[in-house]
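First the structure, in the form of structure tokens, and then the observations on it.
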Amino acid sequence: MNKQESRYRWVVFGTVLLAYFLIVSQRTAPGLITDQLMKDFHVSASVIGIMSGIQFLAYAGLQIPVGLLSDRFGPNRFLIFGALLNGIGSLMYSLAPNEHVLIFSRLLVGIGDATIFVNLVLILSQWFKAQEFVRLLGVVGMVAGLGSLSATVPFSIWISITGWRIPFLSIAIILVALSYVLYTVLVSKPRKIFKEHSKIKKTAFKKRESVWTILRRIFSSRQAWAAFLCHFGVVGTYVGFIGSWGVPYGIQVFELSRSEASQLIMYGLFGAIMGGPLITWITSRLDSIKRIYTFIHLIVLISWSGLFFTGVKPSFIMVVVLLFIIGFGNGASSLTFAVVRESFPIEQVGVVSGFANMGGFLSAVLLPGFFGNVLDLFPQQSIDVGYHYGFIIPMLFSVIGLFGVMLIKEKKQPEAILHAHNNS
């Protein structure tokens with residue numbers, strides 16, 4: 001039985017997607033209890049910043065190594081290990097007696113999180129045909145948005161009822177249990193169902209290129225850098241701003257309460273939830289990924305430019321609309337991995353996906369600091385002017401993304417590409 005034609009592939013898809021949903025929700029949930037952690041552990045904001053930064057630095061720094069290892073040894077066990085490590089990290093976080101354990105627990109979560117998306121892309125590449133792959137990436141983007149959304153109002157209500165430790169402990173236990181389910185679904189069951197499963201594993205250990213040869217090829221590949229820069233421009237700007245300065249922007253410029261300002265983030269998340277499946281569905285029916293992705297990068301650049309050119313006191317409704325569009329563009333970022341899948345042999349998809357994904361999270365790490373440096377140039381009474389000029393940073397990052405999408409070299413006969421991948 002062919003894996004790409006079996007019904008069992010939907011069991012794989014559903015199980016992996018559940019793990020991704022839970023892990024994405026825990027990626028941002030600690031931001032809900034920043035004040036509580038500072039109070040409970042008597043730590044400064046800088047310690048909280050270290051705790052958050054170490055998680056995302058671990059994520060970004062491990063993307064290429066994880067991609068290399070996954071291409072070489074297969075994605076299944078790395079995804080299972082990542083879910084387990086994420087669960088253990090969340091468990092330590094929920095039981096942490098001091099700030100040192102808090103920081104170490106977020107490092108474990110970051111390492112576990114680093115293994116998830118790259119291996120998810122590889123697993124979908126193995127279990128689904130190329131046309132299905134593009135559409136399912138949109139569903140993955142939608143689920144990521146829903147995971148982030150669940151870490152806002154629903155999770156905050158749970159925390160307000162039970163305190164912060166019980167929700168994190170509960171999710172940790174679910175993730176540890178889910179790692180066993182993933183082993184059953186991805187490793188144990190396929191061995192019994194698919195005869196070719198063992199054959200594929202045996203042939204996987206034939207002549208291998210050295211790591212340096214693979215890295216040299218990637219770093220000298222125009223297509224790999226195009227994917228890196230695309231993700232840098234469309235993902236990092238959204239994640240970097242929403243995750244750091246979105247709520248303060250609402251509070252300090254529009255004088256909203258914290259809960260009202262958090263709704264600005266939700267508008268962006270709604271855009272991302274809609275953008276993922278809609279854009280990939282359209283793309284799967286057209287001949288050109290590049291054409292659609294260029295349009296997405298253009299509207300994202302125009303939206304960030306709109307936040308700057310509307311002045312110091314823009315219309316609140318206009319800000320809501322522009323953040324929704326920016327979120328919509330981020331939802332379409334899965335096209336980066338459609339480009340990777342189309343452009344590189346299956347044995348290199350993992351490492352190139354990791355390289356591209358690193359671009360997005362490198363941007364997300366850099367943007368908050370650059371934006372904050374701009375804000376520091378202005379006194380508190382003129383902070384709205386600081387935000388006005390701060391929007392130059394995501395504008396510039398979006399220009400980099402647009403340059404990346406222009407670098408993409410798309411093959412002239414996509415049907416032939418799809419047929420070749422279907423038979424691979």
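Computed from a predicted model, the values in this text were never measured in an experiment.
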Inset, instruction - Please examine the side chains of S353 and L122, heavy atoms only from C-beta on, and report whether any two atoms are closer than 4.5 Å. - result: no
Heavy-atom closest pair (K290 atom, I408 atom, distance to 0.1 Å) is NZ-O, 2.8 Å
Under the side-chain contact (heavy atoms from CB on, under 4.5 Å) rule, what do V185 and V181 come out as? Steps first, then yes or no, please.
CA-CA 6 Å; V185 170; V181 176; 4.2 Å; yes
Original post:
For the residue pair W225 and F403, is the inter-centroid distance of their aromatic rings smaller than 6.0 Å?
Top reply: no
- Item | Intermediate values then yes/no, side-chain contact (heavy atoms from CB on, under 4.5 Å), L91 and V176 | CA-CA 9 Å; L91 183 67; V176 170; 5.7 Å; no
- Query: Is Y238 close to L323 at the side-chain level, that is, under 4.5 Å between some pair of heavy atoms?
  - Reply: no
Here the gap from D40 atom CG to L102 atom CG, rounded to the nearest 0.5 Å, amounts to 9.5 Å
Query raised in the report: Which is it for Q55 and R27 under the side-chain contact (heavy atoms from CB on, under 4.5 Å) test, yes or no, and what are the steps along the way?
Result: CA-CA 9 Å; Q55 176 183 344; R27 187 181 292 168; 3.9 Å; yes
For a 4.5 angstrom cut-off between non-hydrogen side-chain atoms, does I400 reach L396? no
Original post:
Backbone N or O of F78 within a donor-acceptor pair of the T115 side chain at under 3.5 Å?
Top reply: yes
**Request:** Answer yes or no: does atom CZ of R222 have more than 12 heavy-atom neighbours from other residues, nucleotides or ligands under 6.0 Å?
**Result:** yes
Nearest heavy-atom approach of N119 to S70 is OD1-OG, 2.6 Å
Does F219 have more than 12 heavy atoms from other residues, nucleotides or ligands lying within 6.0 Å of its CZ? yes
Q) ring-ring contact (aromatic ring centres under 6.0 Å, His included) between F337 and H231: does it pass, once the steps are laid out? A) CA-CA 9 Å; F337 304 101; H231 230 51; 4.9 Å; yes
| Is a side-chain donor or acceptor of R9 paired with a backbone partner of F128 at a separation under 3.5 angstrom? | no
*Going by heavy atoms in the side chains, are L17 and V139 under 4.5 Å from each other?*
yes
If we ignore hydrogens and angles and just use 3.5 Å, is the side chain of E132 paired with the main-chain N or O of K129 as donor and acceptor? yes
field: Check against ring-ring contact (aromatic ring centres under 6.0 Å, His included), W304 and F397
entry: CA-CA 10 Å; W304 284 118; F397 279 28; 9.8 Å; no
Sorted by chain and residue number, the side chain to side chain contact (heavy atoms under 4.5 Å, CB included) partners of F378 (sequence neighbours excluded) come out as V374, V385, Y389
To the nearest 0.5 Å, atom CG of L146 lies from atom CD1 of I273 at 4.0 Å
Notebook entry, point to check: Heavy atoms, side chains only, cut-off 4.5 Å: are V339 and E342 in contact?
Noted result: no
One should read off an interatomic distance between R135 CZ and L137 CG, to the nearest 0.5 angstrom, of 11.5 Å
In this structure, CG of L22 is separated from CD of Q26 (nearest 0.5 Å) by 7.5 Å
Between G240 and L367 the two heavy atoms that sit nearest each other are C-CD2, 3.7 Å
Review point. Would you say the side chain of Y293 lies within less than 4.5 Å of the side chain of V234, judging by non-hydrogen atoms?
Key: yes
Between G163 and P167 the two heavy atoms that sit nearest each other are O-CD, 3.0 Å
- Message: Determine whether a donor-acceptor pair (N or O, by modelled atom type, separation under 3.5 Å) exists between the side chain of S333 and the backbone of G329.
- Response: no
Practice task
Report the C-alpha distance between F355 and V340 in whole Å, list the side-chain angles of each, state the deciding distance to 0.1 Å, and finish with yes or no for side-chain contact (heavy atoms from CB on, under 4.5 Å).
Solution key: CA-CA 10 Å; F355 180 62; V340 172; over 6 Å; no
* To do: State, yes or no, whether a side-chain contact exists between I64 and M358 at a heavy-atom distance under 4.5 Å.
  => yes
Original post:
Judged by atom type as modelled, is there a donor-acceptor pair below 3.5 Å linking the side chain of Q63 to the main-chain atoms of A114?
Top reply: yes
- Any donor-acceptor pair under 3.5 Å linking the side chain of R165 with the backbone of A96? yes
Taken to the nearest 0.5 Å, the spacing of N86 CG from L175 CG works out to 5.5 Å
- [ ] Check for a donor-acceptor pair, side chain of D71 on one end and backbone N or O of G350 on the other, with a separation under 3.5 Å.
- [x] yes
Above 12 or not: heavy atoms from other molecules or residues under 6.0 Å from CD of Q381?
yes
Per ring-ring contact (aromatic ring centres under 6.0 Å, His included), F391 is matched among W245, F308, F241 by F241
When rounded to the nearest 0.5 Å, the distance separating CZ of R217 from OG1 of T213 is 7.0 Å
Correct closest heavy-atom pair for F254 and P314 would be CE2-O, 3.4 Å
Sorted by chain and number, sequence neighbours left out, ring-ring contact (aromatic ring centres under 6.0 Å, His included) with Y93 holds for W164, F168
request  = Could you walk me through whether F270 and F324 pass ring-ring contact (aromatic ring centres under 6.0 Å, His included), step by step?
outcome  = CA-CA 7 Å; F270 286 139; F324 177 86; 8.0 Å; no
Of all heavy-atom pairs linking S363 and G236, the shortest is OG-CA, 3.2 Å
Does one side chain, of Y59 or N357, offer a donor that lies under 3.5 Å from an acceptor on the other?
yes
- prompt: Does L124 reach the side chain of V12, with side-chain heavy atoms less than 4.5 Å apart?
  reply: no
Applying ring-ring contact (aromatic ring centres under 6.0 Å, His included), run through F104 and H100 and close with a yes or a no. CA-CA 6 Å; F104 182 69; H100 304 294; over 10 Å; no
When you check the side-chain N and O atoms of S343 and Q223, is any donor under 3.5 Å from an acceptor? yes
